[in-house]
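Structure first, then comments.
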Amino acid sequence: MSSPRKTTALRRLIESPELTFVIEAHNGLSAKIATEAGFPALWASSLTLSAALGVRDNNEISWTQVAEQVELMCDATSVPILVDGDSGHGDFNIVRRLVAKLGQRGAAGICLEDKLFPKTNSFLRSEQQPLAEAEEFAGKLKAAIDARPDGDFVVIARTEALIAGRGMAEALRRAEIYRQAGVHAVVIHSKSAKPDEVFAFMREWGGRLPVVLIPTKYHATPAAAFRANHVSMVIWANQLMRGATTRMQELAAQIRREESIVSVEDTIAPMAEIFRLQGDAELAEAEQRYLRGGSGGHRGIILAATRGDLPEALTGGAPKALLKVGHASILERLVTTLRAHEVRDLTVVAGYKKEMIALPGVNRIDNDAYATTGELASLAAALASATGETIVAFGDILFRGYIAGLLLHDGADAAIAVDTRFRERGGAGRSSDFVRLKRPPGARDYLDDEEAWLERVEFAAPSEEFHGEWIGLLKLSARGVELAREFVAARRADGTLAQLQLVDLLNHFAGVVGVKVHCIQGHWTDVDSLVDLDRAQQF
Ligand code: SPV
Ligand code: MG
């Protein structure tokens, strides 16, 4: 069954005996967010549309600008949009054009208020707001109804009589005149902190037409009270804009103060979420359809074949990558982090208890010789089918998402992340993959604005000769993948593949194409020991 037209959908919501909640949106992004939250219709608010554009709610944006914004919002959502038409942006003739054009651009209805043009927001200098003469305003409503692009396009009349201090009798008189003009519903607007006056209106009105409320000021009213008073629709008219404003103010101040984005990075929507909301997945799919060889996203390989050295009691006989850190396993966390950075085609190389490794949408390749081979043999298994840019991660590491981003945005054929604060990591006498850089670090730590290149990496105890610790994350460009494949083939041929690790590949790359190093300071952990596990739980 095809879904009804948006106009029909809005009309059904208005006329249904059920209470409908509608929320404000002010651009395509907020329209998508509100739709995903489940709102069955949206309010294109004059206040928030104008605020989003940095101007006042005094008809400072023209009706054609409103129509442009509304069109983008309609494109962004599958639910109907009720447009705040203010006082109509002019006389009956302008109202006709406004309604026709909004309809052409995908709006499902309009709400017109009985003020003059230009109008002022209802909560500013309310008592001084001049009202239109009711009969003349009724003419605009009739013009709107006659100009509708289809018979279900909703026309709602809003009376500002209570806002302007003209009293209940005047509000009722006006609402009745507008009903007789043929509208589908009325809005009774109020600036009272309590719903008493709008509910008094409801009782006097007696259900002659559906009633819509905008409880910005009487915001504490529970939903049950709206239902008990037979309200048809409640519009939350500005909350998304106000929430976004608060968060933007906090973020801007924090970033300015800290001169860094490192502490905000994980508190804001990942880039991948923005891309998702923009509908990039559809474009990637269209590229596959319309562009020869089109590709979407990066590839990722997670090496999780070995058993590791943690006691069996801890791993419960499961592979180390399945160890729970908080509510999710290390592997699940890795997959989530990589996916947030557009790593779509993910392969886990499994070995020990391989059948336990099963994650939705993640490929598994086995290295059945995991007990007698090293990391390079596991990588070789996955490289056999890999093409294009690929990120490789050890299956026992956790890192902040931005680190994957650093590597994926680097054009080098091989790029790794190296922690220059490795001396602060516990475990005296521990061994790890320590790194020497081609150019020794300066007085301050290496920061990521200085280019750094790998001289060599070795599994060793920490010492003065090293500048950092490789965290177990490597990005290879498409050419890097080819070079790695060649290296693997040569080592297979000379019989050394089984004994080699990823550091051997890195040292080979350092000699032939160079390995770009991104220096970080903490923000990661691996799980090699009980100490590490404890650290990971706190991570
Ligand atoms: C709007 O959201 O623009 C409205 C409601 O018209 S109010 O701000 O209360 O006037
Ligand atoms: Mg408005």
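Computed from a prediction, not measured in an experiment: that's the story for all the values here. When a ligand or atom number is given, it counts from 1 through the structure's own listing order.
- At a threshold of 4.5 Å between non-hydrogen side-chain atoms, the residues D91 and F117 do not count as touching.
- Within the 4.5 Å cutoff, the side chain of K119 has heavy atoms near those of the D57 side chain.
- Side-chain rings of F123 and H189 approach one another, their centers coming within less than 6.0 Å.
- The aromatic rings of W236 and F21 lie parallel to each other, their planes meeting at an angle below 30°, with 60° marking the opposite boundary.
- The side-chain heavy atoms of L473 and I391, taken from C-beta on, include a pair separated by under 4.5 Å.
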Please tabulate, line by line, the atom pairs linking an N/O of ligand 1 to a protein N/O at a distance below 3.5 Å, with the distance in Å to 0.1, or answer 'none'.
residue	atom	partner	partner atom	Å
ligand 1	2 (O)	W43	NE1	3.1
ligand 1	2 (O)	S45	OG	2.7
ligand 1	3 (O)	S45	OG	3.1
ligand 1	3 (O)	S46	N	3.1
ligand 1	3 (O)	S46	OG	3.0
ligand 1	3 (O)	L47	N	2.9
ligand 1	3 (O)	D84	OD2	2.8
ligand 1	6 (O)	D84	OD2	2.9
ligand 1	6 (O)	R158	NH1	2.7
ligand 1	6 (O)	R158	NH2	3.3
ligand 1	8 (O)	N121	ND2	2.9
ligand 1	9 (O)	H189	NE2	2.8
ligand 1	10 (O)	S122	OG	3.3
ligand 1	10 (O)	R158	NH2	2.9

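- Within the protein, the number of N/O/S atoms found under 2.8 Å from the Mg ion (ligand 2) is 2.
- Side chains of K6 and I81 form no contact here, defined as non-hydrogen atoms less than 4.5 Å apart.
- Under the 3.5 Å distance criterion, with hydrogens and angles disregarded, a donor-acceptor pair is assigned to the side chains of E24 and T48.
- Residues L213 and Y218 form a side-chain contact, since some pair of their non-hydrogen atoms from C-beta on lies under 4.5 Å apart.
- Residues E342 and L408 have side chains not in contact (no heavy-atom distance under 4.5 Å, counting atoms from C-beta outward).
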